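Written below as structure tokens is the structure these notes are about.
Predicted, not measured: the structure shown is a model, and the values here were computed from it. In this chain, numbering begins with 1 at the start of the sequence shown. We count ligands from 1, going down the list as the structure has it; atoms in each ligand are counted the same way. The figures here come from the full heavy-atom set of this structure, side chains too, leaving out hydrogens, waters and symmetry mates.
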Amino acid sequence: MQENEVATRLDAARAYARAGQELILSRISGPARSLGVDTKTSITDMVTDVDRAVEKLLAGSIREDFEHDKIVGEEFGDGGGDGPYAWVVDPIDGTTNFIYGFPAYAISIAVRDLRRDTTVCGVVLDVPRDRLYEAAEGKGAYVDGRRISVTSRSRLAESLIGTGFGYAAEVRRAQGAMVSEILPLIRDIRRAGAASLDLCMVACGELDGYYESGLWPWDFMAGAIIVEEAGGTVTGGLEPTPGAAMTIATNGIIHEQLRELVLSLAAKYGARS
Ligand code: IPD
Ligand code: CA
């Protein structure tokens, strides 16, 4: 029964993401690329009319199809019903990339079972690359229907690691100091600009690991189940589960090496972990 409830929601999440993608593509394909850019918490933290329109579209469909489910969205906050499932939605993860046309932004949709406080399925649609990543609890992770898995690299020194930076200047200063110490100890660093895609890159072996502090649930929840179902590990820093303080996702093998390093540097530079 619950399995059916999850499968129905995963099918719906896929369809909603595709509808969101169509809306985004229709807004950037016209002659005048007018996105309606605003700022939020700082001049670096941007939002567009398209982010809001996509979230409205997704929330409207969820409300129509699953009237009792709760909805948590980046742009409009909480809504929906008080049933046992919650949809956690980022209409555009990687808004800065979207505004510049830098090809790394995604629609991220996770479904949580609130009775168990766990994510039961997730979809991340890489809009410019047209790749749909998905996972459901216990069912594996897929991109465009093909099964994916994490890398088997075992040495941090040979690992390609992704990260990201927050929008507040003082947070970035500490994050930059940490990266400057991590960089000489690893193969190289990547900052693609969309946390959900960073996680999917770990899931499909395009990165060995990823860490970032200051993420919101809509940034990491769908990507986290995709990493886990691809055989990887996702934790916080000091906490066992990822959260606002820290998200660390790896192939599992290098997890403790990366976690220890990140924790020691976060302590040194007074960053959250
Ligand atoms: C941001 C992106 C970015 C990460 C930031 C997020 P947004 O999400 O995921 O890669 O570094 O922490 O806030 O604002 O583009 O939805
Ligand atoms: Ca966003």
Is it true that Arg112 and Asp117 make a salt bridge, defined as a side-chain N closer than 4.0 Å to a carboxylate O?
-> yes

Does NZ or CZ of Arg115 come closer than 6.0 Å to the centre of the six-membered ring of Tyr85, within 45° of the ring's axis?
-> yes

Taking all non-hydrogen atoms of both residues, which atom of Ala249 and which atom of Leu199 are closest, and how far apart?
-> CB-CD2, 3.4 Å

How about Asp219: does one of its N, O or S atoms come closer than 3.0 Å to the Ca ion (ligand 2)?
-> no

Is there a side-chain contact between Thr151 and Leu160, using heavy atoms and a 4.5 Å cut-off?
-> no

So, Asp144 and Arg131, do they make that salt bridge, N to O below 4.0 Å?
-> no

Relative to each other, are the rings of Trp87 and Phe66 parallel, tilted or perpendicular (30° and 60° limits)?
-> tilted

Ile92 near the Ca ion (ligand 2) via N/O/S, less than 3.0 Å = yes

Atom-level proximity to ligand 1, residues with heavy atom under 4.0 Å = Glu74, Asp90, Ile92, Asp93, Gly94, Thr95, Gly164, Phe165, Tyr167, Arg191, Gly193, Ala194, Ala195, Glu212, Leu215, Asp219

Anything under 30° is parallel, anything over 60° is perpendicular, the rest tilted; go ahead and classify Tyr105 against Phe98.
-> perpendicular

To the nearest 10 degrees, calculate the angle at the Ca ion (ligand 2) involving OE1 of Glu74 and OD2 of Asp90.
-> 80°

